[in-house]
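Contents: one structure, followed by commentary.
Chain letters run A, B, ... following the sequence lines, proteins first, then strands; residues in each count from 1. Computed from a prediction, not measured in an experiment: that's the story for all the values here.
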Number of protein chains: 4
Amino acid sequence: MSTLNDGSFISTVYIHPGGGAIARNNHKNSDKRRRILDAAVSVFAEKGFFQSKVSEIARMAGVADGTIYLYFKNKDDLLISIFEEKMQEINVTFRRALEEEKDARARFRKLIHMHLAGFQAYPELAAVLQVELRQSSRFMRGYKKVELKKYLDFIGEVIEQGQKERAFRPDIPLGLAKRLVFGTLDEVVSTWVLAGRPYDLETLADPIVDLFLRGIQREPSGTKTETERR
Amino acid sequence: MSTLNDGSFISTVYIHPGGGAIARNNHKNSDKRRRILDAAVSVFAEKGFFQSKVSEIARMAGVADGTIYLYFKNKDDLLISIFEEKMQEINVTFRRALEEEKDARARFRKLIHMHLAGFQAYPELAAVLQVELRQSSRFMRGYKKVELKKYLDFIGEVIEQGQKERAFRPDIPLGLAKRLVFGTLDEVVSTWVLAGRPYDLETLADPIVDLFLRGIQREPSGTKTETERR
Amino acid sequence: MSTLNDGSFISTVYIHPGGGAIARNNHKNSDKRRRILDAAVSVFAEKGFFQSKVSEIARMAGVADGTIYLYFKNKDDLLISIFEEKMQEINVTFRRALEEEKDARARFRKLIHMHLAGFQAYPELAAVLQVELRQSSRFMRGYKKVELKKYLDFIGEVIEQGQKERAFRPDIPLGLAKRLVFGTLDEVVSTWVLAGRPYDLETLADPIVDLFLRGIQREPSGTKTETERR
Amino acid sequence: MSTLNDGSFISTVYIHPGGGAIARNNHKNSDKRRRILDAAVSVFAEKGFFQSKVSEIARMAGVADGTIYLYFKNKDDLLISIFEEKMQEINVTFRRALEEEKDARARFRKLIHMHLAGFQAYPELAAVLQVELRQSSRFMRGYKKVELKKYLDFIGEVIEQGQKERAFRPDIPLGLAKRLVFGTLDEVVSTWVLAGRPYDLETLADPIVDLFLRGIQREPSGTKTETERR
DNA sequence: TATGAATGAGCGTTCATTCAT
DNA sequence: CATGAATGAACGCTCATTCAT
């Protein structure tokens, strides 16, 4: 659909650890750890965090219940770990992918596309990050979402760069702008997930970009708009 | 801070039912129902839905545990009821308040202000609606959020009116625009709640409005902006 | 089916208290008491003692929950009262009906017929007396089943009379014989109730009588049997 | 008392499984399953099914509450399992024991003796099977009592054999006869249990047998009876 | 490392009973 | 007598976590 065929923000990273020479395994049998994590994503996505039983995750991962506790502190930690590892992968992938684009507007556009295309490619992960994660009290309370902050900062950087390049308005409070962008994407993905993913998510990217860039307001006469002009 | 001193979207309604001579009690002591609901808001806000014990809500409401089940089907229903009743009040209040403003831009601005001021005035309610509610599996799965849809539609109407008045761009997809607005507000309030409400929420209203109206993009030269111009 | 058309052991008594001049009402509104009792029989029969809610009995009787406690000490007492009152009616009716028969064998036969015909006519009562009653711990433990003992004694009397009349063997221990007769009837009715009452209960009366009178054993040659003889 | 020294219908089977080298444990500690079952028999017998708390059974079995649910689906299942396992043991033991007797009358006599002697030897089991079991709504409603039917059929076989051997009257309906025998035994044991087991149960066996075989009726003159004859 | 049987704290919910009106 | 809203004790069951093997 999109020319942003690198939109899948996970696969990139998936390849590296297994295939490359660089093994960043903390645990000997890191494959088991990954199997547990993948099973957790599946089960959480299907049943919801609270309906998911640790024993079911264990069964799906092909390990004993107790084994899970060799890799994760507890059920909550499982959820948090999904978040941390996936967000980190996302951050890495995004940063790498956006380096290809030099222009701020193009970067901004690509960011939106990747966000939507990424979740579209990993709907189970989308369900977990968008819905189930919020059910963890540890996640919602007191836990420093470092990687999420990084993602927000990342959005901020793109906007800031745009301001430096004089492509974006200089008077926008950065903290607000990034929250605004993230909030919208978050809302759009959540709605899509909770509605049962009935439509193509990435289709929304361009209109969203347009809206962000130009605003709701009808521009003062004398200003030309590609779409509006006839 | 704001001239929108009716920003508190709940109190308005709070006053009405008590003020009239007509008591709409199903049960003799319908005050008991309200006490339970208020207690639930408090407890849910403080402890989170899953950490909250029904018996604690009962204690805070000054009723027996079993009494709660005379008014609500179960713990989940308690949460859903908070959502439904409060959202309904919000929808009523907002609709009423916005009628005062005729101009679309002013309406839009007032909407944003009320949303933020309202949650600022009822932080416990904010916590429940923004955070705890999402922990109810019944809420997140399969339950028709009618009042939420109404709120979204309401936002949509304001935008649509603006388009008719030629104040807003006609080429914006409504469904997207309202989600964008709601998503931003949702995100902003959630962040504020989860961060411990460290700042004045309504302060964000004007910048948000500005951003929505004019977009991120630096306007083409030749277009004047009040704030930007020096 | 049977010539024992007075088999219905309840109706007889039903008529007397209301119709006659002799009102044995302890409570003013004894009609309410009866309505509650009848409702209890229905509900207990349909749902079982433990699945039956006092409030449901109240609803079916058309009284308030609390009213039941003006007539009965508690739920258990309700069940016990059904037993006591119905058994008393049964005892009275049976004693009266059997007076018509003078011959011991005929009496015995009539007793069996009435027992089976009676439960057949009041299947709900049958269900309660045969099944639900045993679910009351007060009934099963420590409670003196006076009326049941009377019924057993009554059976005993019939047998004893038969012995005096030299119609029945004199060497049968009475206590055992009456238990044997009662046990069989009890089992037969219980089976019928629990099986969903799929057949005509009274049909079993004659074979049962025959079995009791003559035993299982093939009689020594030289003794003639109406049925066996060809 | 009796020459039927194998009357205890449980112990026989108890010995066998332990005696062999083959352990039929599903769970490592299948002894735990038995401990729970035995504890349940004790507690149910003493307090009654509904007064018995699962935690008390657990305590008496020396396991944690939750452990019970590793072996049994729920409290009801505990009761049903007692019934099924014990009835099966009884059926096996009885069938084996009766094979020793070839004559139908002797078999019949032994059956009655074993039934009474068996319950006498295991009064707690008697209480559970005779009284508490009937308190389980699952047992009383909709549950197929296969093993009970087998027991009844077993009685039926003995009677049928007697008919073939021309020892018993050929004109007795089998279905009725077996119910009559079972009903009597059931009633006799229930009475004994509920009365607090004040007498020797097996003493009743011979008179019962006699009653069944010869009936209540005084035999026509010319027929001699050992007991009656003087 | 890996297992999985065992643990036991924890809680939502029911419903017989009471009692103020 | 009658009501029915309110009570609150009581308990079966789950399941995350542990630990002996």
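Seen from the ring of B/F49, B/K75 counts as a face-on cation partner, given the 6.0 Å and 45° thresholds.
Base pairing annotation: F/dC11 forms a Watson-Crick or G-U wobble pair with E/dG12, both donor-acceptor distances under 3.5 Å. Nucleotide E/dA5: paired with F/dT18 (Watson-Crick or G-U wobble, both distances less than 3.5 Å).
Atom pair A/D76:CG and F/dT17:P shows a separation of 8 Å (rounding to whole Å applied). Distance B/R59 CZ to F/dA9 C1': 16 Å, rounded to the nearest Å. For C/I36 and F/dA2, the CD1 to P distance is 8 Å, given to the nearest whole Å. Between B/I57 atom CD1 and F/dT7 atom C1' the separation is 18 Å, expressed in whole Å. One interatomic measurement links the two molecules: CD1 of B/I68 to P of E/dC11, which rounds to 14 Å at whole-angstrom precision. Rounded to whole Å, atom P of E/dG4 lies 17 Å from atom CD of A/E56. Residue C/F72 contributes atom CZ, which lies 16 Å from atom C1' of E/dA16 at whole-angstrom precision. Taking atom CG of residue C/L70 and atom C1' of nucleotide E/dT17, one finds them 12 Å apart after rounding to whole Å.
Here the straight-line distance linking atom CE of B/M60 with atom CZ of B/R35 works out to 12.5 Å at 0.5 Å rounding. One distance of note links OG1 of D/T67 with CZ of D/R33; it measures 14.0 Å at 0.5 Å rounding. D/I57 contributes atom CD1, which lies 4.0 Å from atom CZ of D/F44 (distance to the nearest 0.5 angstrom).
Heavy-atom nearest nucleotides on DNA chain E were determined for C/G66 and for C/K53, and the one closer to the 5' end corresponds to C/K53. Nearest-nucleotide mapping onto DNA chain F: of D/K73 and B/G62, the residue sitting toward the 5' end is B/G62.
The shortest distance between the side-chain N/O atoms of A/Y71 and the OP1/OP2 oxygens of E/dA2 is below 4.0 Å. Of the side-chain N and O atoms in B/T67, none sit less than 4.0 angstrom from OP1 or OP2 of F/dA6. The shortest distance between the side-chain N/O atoms of C/K32 and the OP1/OP2 oxygens of F/dA2 is below 4.0 Å.
Here E/dG12 is the nucleotide among E/dT7, E/dT17, E/dG12 with the atom lying nearest to any side-chain atom of B/K75. For B/Y69, the side-chain atoms get nearest to E/dT14 when compared with the rest of E/dA5, E/dT3, E/dT14. The nucleotide whose nearest atom lies closest to any side-chain atom of C/D65 is, among E/dG8, E/dT17, E/dT13, E/dT17. Picking from F/dC13, E/dT13, F/dA5 the nucleotide with the shortest atom distance to the side chain of B/V54 gives E/dT13.
Between A/L78 and the options A/V43, A/V41, A/I36, A/V54, a side-chain contact (heavy atoms from CB on, under 4.5 Å) holds for only A/I36.
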